[in-house]
Novice: 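One structure coming up, written as structure tokens, with questions to follow.
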Amino acid sequence: MLDAKFVREHFGVVEESLKNRGYDLSLDEFLASEEQRRTLLREAEELRNRRNVVSEEIARQKTQKKDVAHMIDEMKRVSDRIKEYDTQLKALEERTCEFLLNVPNIPHHSVPIGRDETENVEVRRWGEPRQFDFEPLNHWDIGAILDILDFERASRIAGARFCLMKGAGARLERALMNFMLDLNTAKGYREVFPPIIVNRESMKGTGQLPKFEMELFRTCNPEYYLIPTAEVPVTNIHRQEILQEKDLPLYYTAYTPCFRREAGSYGKDVRGLIRQHQFNKVELVKFVKPEDSYDELESLTRDAEDILQRLDLPYRVVALCTGDLGFAAAKTYDLEVWLPGQQRYREISSCSNFADFQARRADIRFKREGKKGTEFVHTLNGSALAIGRTVAAILENYQQRDGCVIVPEVLRPYMGVEVIR
RNA sequence: GGAGAGGUGGCCGAGUCGGUCGAAGGCAGCCGCCUGCUAAGCGGUUGUGGGGGUAAAACCUCACCCAGGGUUCGAAUCCCUGCCUCUCCGCCA
């Protein structure tokens, strides 16, 4: 969420950023109702002041047994007027809040301007896509041949966009989770295992709600939401807290299952592990001081890249342009891994700096040593990595002519075997 | 699921029959004094958010005693609802 005062005072900046993101949203109505709100607020506060002053007077005179009926009479009228003001103010506040909740973050000035994903900018590449002396298969074919990925039975158990992993497939999934968590914690990220269904407030805090209700699974009675990413519960660890400067930065890593409706993605990636309703992911989350957040984004991205490098999977880093940037993000790098079966790079991690956008929504602040007042922290997160997609990448990149799959060296201690056959 | 208790400032803790309570007292922190010895004593000070104001402060004002409603001229104090915590019983991975 943006700061109402900031929007008031810098609406030019906000309009520009909305335009760059491809949003068609006018600020006029917001500015007008804000103006009205502030006027009403001042008048209401004057009345309250009057009421406070006279109420004290009433108390004083009453102890002296004086007649206060006329004052009480006046205050009755004042209180009625305050109530009227409050009703109006509440309506206005709801309107401005509602509006602000639907305004996306302002992109950082280093974010390339562009309409959609075709205008994202490649920042760097790592690794050489392997040259095959045979036609490389898709991971779902490899999975079927090895009998480690079973989409048919999964659809019987649950439905489309689910996968039953079996034998070495299940073991590979688990190996990757452990490998990634071990690596991340060794770098100083604190491992947490959070609730994976959360309340509405948490979803609001990170920006999934109210705008993206359609993309979430929800429970009824009582109402909870299944998390689409560990970002939600982990960022909300510090919701409504005031942290101390000396406690920052805070680094967390978490493995969780993730659940996504994938509404509106009909026909996309219908086969394989790329787009599932349920998938596993290891996430990195940072809480940092504002002045550090863009450096922290670079190091967070490097930490995610490190996993791909250790797995020896070719990838590239892409800076998302304004038109492709997520709602809450100020800047995002996507890591795209090479999939030989599809002959293209596919997203496997998304690393973002949200600046103070989530912190303001979730009310996560910090106090500087020796300074008055508080400031919002900056939050960041990134996948390190999406497990299912990593499985797909390993199967496709490490496949052999005879159908078996070599296990990447760093995973062998976790897998117990060198080859999946 | 059943029966009770409770949620007050960084922490502990008071708040009487609703009125001068942003809230006693203690601890902790900060500033100063005193003392010369490893610490005590004395004085002062210490929250957050909004609006106004200022070059910036100062300053003025409103709100905040879990959250949201209600009663009242006036609520931390009374009523209702919700959330959370604790104790006991039951059930259970």
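Just so it is clear: chains get the letters A, B, ... in the order the sequence lines come, proteins before strands, and each one is counted from 1. A quick note: this is a predicted structure, and the numbers were derived from the prediction, not measured.
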Novice: Take the protein atom CZ of A:Arg368 and the nucleotide atom P of B:U48, then report the distance between them rounded to whole Å.
Specialist: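 These atoms are roughly 15 Å apart.
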Novice: Write down the partner of B:U85 under the Watson-Crick or G-U wobble criteria, each distance required to be under 3.5 Å.
Specialist: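 Base partner found: B:A5.
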Novice: Can you tell me how far C1' in B:U46 sits from the matching atom in B:G22, rounded to whole Å?
Specialist: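 Looking at atom C1' only, B:U46 and B:G22 are 13 Å apart.
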Novice: Generate the contact string for nucleotides 57-71 of chain B. Rules: B means base contact, S means sugar-phosphate contact only, - means no protein heavy atom under 4.0 Å.
Specialist: ----SBS-----S-S
Novice: May I ask you to decide whether A:Glu45 forms a salt bridge with A:Arg48, counting only side-chain N to carboxylate O separations under 4.0 Å?
Specialist: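 Answer for the salt bridge query: no.
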Novice: Rounded to whole angstrom units, what separation is found between the CD atom of A:Glu93 and the P atom of B:G51?
Specialist: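 Taking CD of A:Glu93 and P of B:G51, I get 11 Å after rounding.
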Novice: How far does the C1' atom of B:A14 sit from the matching atom of B:G25, given to the nearest Å?
Specialist: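 Those two atoms are separated by 7 Å.
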Novice: How many whole angstroms separate atom NZ of A:Lys62 from atom P of B:G18?
Specialist: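 Spelled out: NZ on A:Lys62 to P on B:G18 is 11 Å.
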Novice: Could you tell me the Watson-Crick or G-U partner of B:U71, where both distances fall under 3.5 Å? Say none if there is no partner.
Specialist: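 Partner of B:U71: none found under 3.5 Å.
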Novice: Using the C1' atom on both, measure B:G4 against B:G90 and round to a whole Å.
Specialist: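 B:G4 and B:G90 have their C1' atoms separated by 15 Å.
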Novice: Would you kindly give the OH-to-P distance between A:Tyr224 and B:C83, to the nearest whole Å?
Specialist: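 Checked: the OH to P distance equals 9 Å.
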Novice: Just N and O in the side chain of A:Ser79: are any of them under 4.0 Å from OP1 or OP2 of B:G74?
Specialist: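 Checking A:Ser79 against B:G74: at least one side-chain N or O falls below 4.0 Å of OP1 or OP2.
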Novice: Could you give the distance separating B:C11 and B:C65 at their C1' atoms, to the nearest angstrom?
Specialist: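 These two C1' atoms come out 16 Å apart once rounded.
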Novice: Is B:A93 paired to anything, Watson-Crick or G-U wobble with both distances less than 3.5 Å, and if yes, which nucleotide?
Specialist: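 By the stated definition (distances under 3.5 Å), nothing pairs with B:A93.
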Novice: If we take the P atom in both B:G44 and B:G26, what is their distance in whole Å?
Specialist: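 Looking at atom P only, B:G44 and B:G26 are 12 Å apart.
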Novice: Rounded to the nearest angstrom, tell me the gap between atom CZ in A:Arg360 and atom P in B:G50.
Specialist: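 My rounded result for the distance is 10 Å.
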Novice: If you assign A:Arg365 and A:Glu56 each to the RNA chain B nucleotide with the nearest heavy atom, which residue ends up on the more 5' nucleotide?
Specialist: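 On the 5' side of the pair lies A:Glu56.
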Novice: With respect to the side chain of A:Arg38, which nucleotide from B:U48, B:G52, B:G74 is positioned closest?
Specialist: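 In terms of side-chain proximity for A:Arg38, the closest of B:U48, B:G52, B:G74 is B:G52.
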Novice: Can a salt bridge be assigned to the pair A:Glu74 and A:Arg50 using a cut-off of 4.0 Å between side-chain N and carboxylate O?
Specialist: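 Salt bridge present between A:Glu74 and A:Arg50.
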Novice: Using purine N1 to pyrimidine N3 plus N6-O4 or O6-N4 for Watson-Crick, or N1-O2 and O6-N3 for G-U wobble, each under 3.5 Å, what pairs with B:A57?
Specialist: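 None - no nucleotide pairs with B:A57, as no candidate has both distances under 3.5 Å.
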Novice: What integer number of Å spans the P atoms of B:U45 and B:G51?
Specialist: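 29 Å, rounded to whole Å.
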Novice: Under 3.5 Å, sequence neighbours excluded: what are the donor-acceptor pairs made by side chains of residues 172-182 of chain A?
Specialist:
| unit_1 | atom_1 | unit_2 | atom_2 | d |
| --- | --- | --- | --- | --- |
| A:Glu173 | OE2 | A:Asn280 | ND2 | 2.8 |
| A:Asn178 | ND2 | A:Arg174 | O | 3.4 |
| A:Asp182 | OD2 | A:Tyr414 | OH | 2.6 |

Novice: Output the rounded distance in Å from CD1 (A:Ile242) to P (B:G9).
Specialist: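 Atom-to-atom, A:Ile242 to B:G9, this comes out as 12 Å.
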Novice: Calculate the interatomic distance between A:Ile364 atom CD1 and B:G49 atom P; express it in whole Å.
Specialist: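 From A:Ile364 CD1 to B:G49 P: 15 Å.
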Novice: To the side chain of A:Lys372, which of B:G47, B:G51, B:C73 is closest?
Specialist: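 Nucleotide nearest to A:Lys372's side chain: B:G47.
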Novice: Base, sugar-phosphate, or nothing for A:Arg8, non-hydrogen atoms under 4.0 angstrom?
Specialist: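 Since only primed, P, OP1 and OP2 atoms lie under 4.0 Å of A:Arg8, the category is sugar-phosphate.
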Novice: What is the pairing partner of B:C30, taking Watson-Crick or G-U wobble pairs with both distances under 3.5 Å in any strand?
Specialist: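 Partner of B:C30: B:G44.
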Novice: In plain terms, say whether A:Arg81 and A:Glu84 are close enough for a salt bridge, that is, a side-chain N and a carboxylate O under 4.0 Å apart.
Specialist: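 A:Glu84 and A:Arg81: not salt-bridged.
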Novice: What nucleic acid atoms does A:Leu41 come within less than 4.0 Å of, heavy atoms only: base, sugar-phosphate, or nothing?
Specialist: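 Sugar-phosphate, no base atom in range.
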Novice: Applying the Watson-Crick and G-U wobble criteria at under 3.5 Å, what pairs with B:U77? Answer none if nothing qualifies.
Specialist: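 Partner of B:U77: none.
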Novice: Apply ring pair (Phe, Tyr, Trp, His ring centres under 6.0 Å) to the pair A:Phe327 and A:Phe357, showing each step before the final yes or no.
Specialist: CA-CA 10 Å; A:Phe327 178 75; A:Phe357 189 87; 5.6 Å; yes
Novice: Below 6.0 angstrom between ring centroids: does that apply to A:Phe354 and A:His378?
Specialist: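 Judged by ring-centre distance (under 6.0 Å), A:Phe354 and A:His378 do not meet the cut-off.
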Novice: For B:U48 and A:Lys367 - does any side-chain N or O of the residue sit under 4.0 Å from the phosphate oxygens OP1/OP2?
Specialist: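 It does, given that an N or O in the side chain of A:Lys367 lies less than 4.0 Å from OP1 or OP2 of B:U48.
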Novice: Using Watson-Crick or G-U wobble geometry with both distances below 3.5 Å, tell me the partner of B:G22, or none.
Specialist: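 The answer is none; no pair meets the criterion.
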Novice: Provide the distance between the two P atoms, one in B:A40 and one in B:G29, to the nearest whole Å.
Specialist: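 Here B:A40 and B:G29 have their P atoms 10 Å from each other.
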Novice: According to the ring-ring contact (aromatic ring centres under 6.0 Å, His included) rule, which pairs have a member within residues 138-168 of chain A, sequence neighbours left out?
Specialist: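 Checked against ring-ring contact (aromatic ring centres under 6.0 Å, His included) - neighbours excluded - the pairs reaching residues 138-168 of chain A are A:Phe162-A:His277.
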Novice: Salt-bridged, A:Arg271 to A:Asp269, with N to O below 4.0 Å?
Specialist: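 Answer for the salt bridge query: no.
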Novice: Taking CD1 from A:Ile58 and P from B:A75, how many angstroms apart are they, rounded to a whole number?
Specialist: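 Those two atoms, CD1 and P, are 12 Å apart.
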Novice: Between the side chains of A:Lys90 and A:Asp86, is the shortest nitrogen-to-carboxylate-oxygen separation below 4.0 Å, so that they form an ion pair?
Specialist: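 No, A:Asp86 and A:Lys90 are not salt-bridged.
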Novice: Rounding to the closest angstrom, what is the interatomic distance between B:G7 and B:G15 at atom P?
Specialist: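 Looking at atom P only, B:G7 and B:G15 are 11 Å apart.
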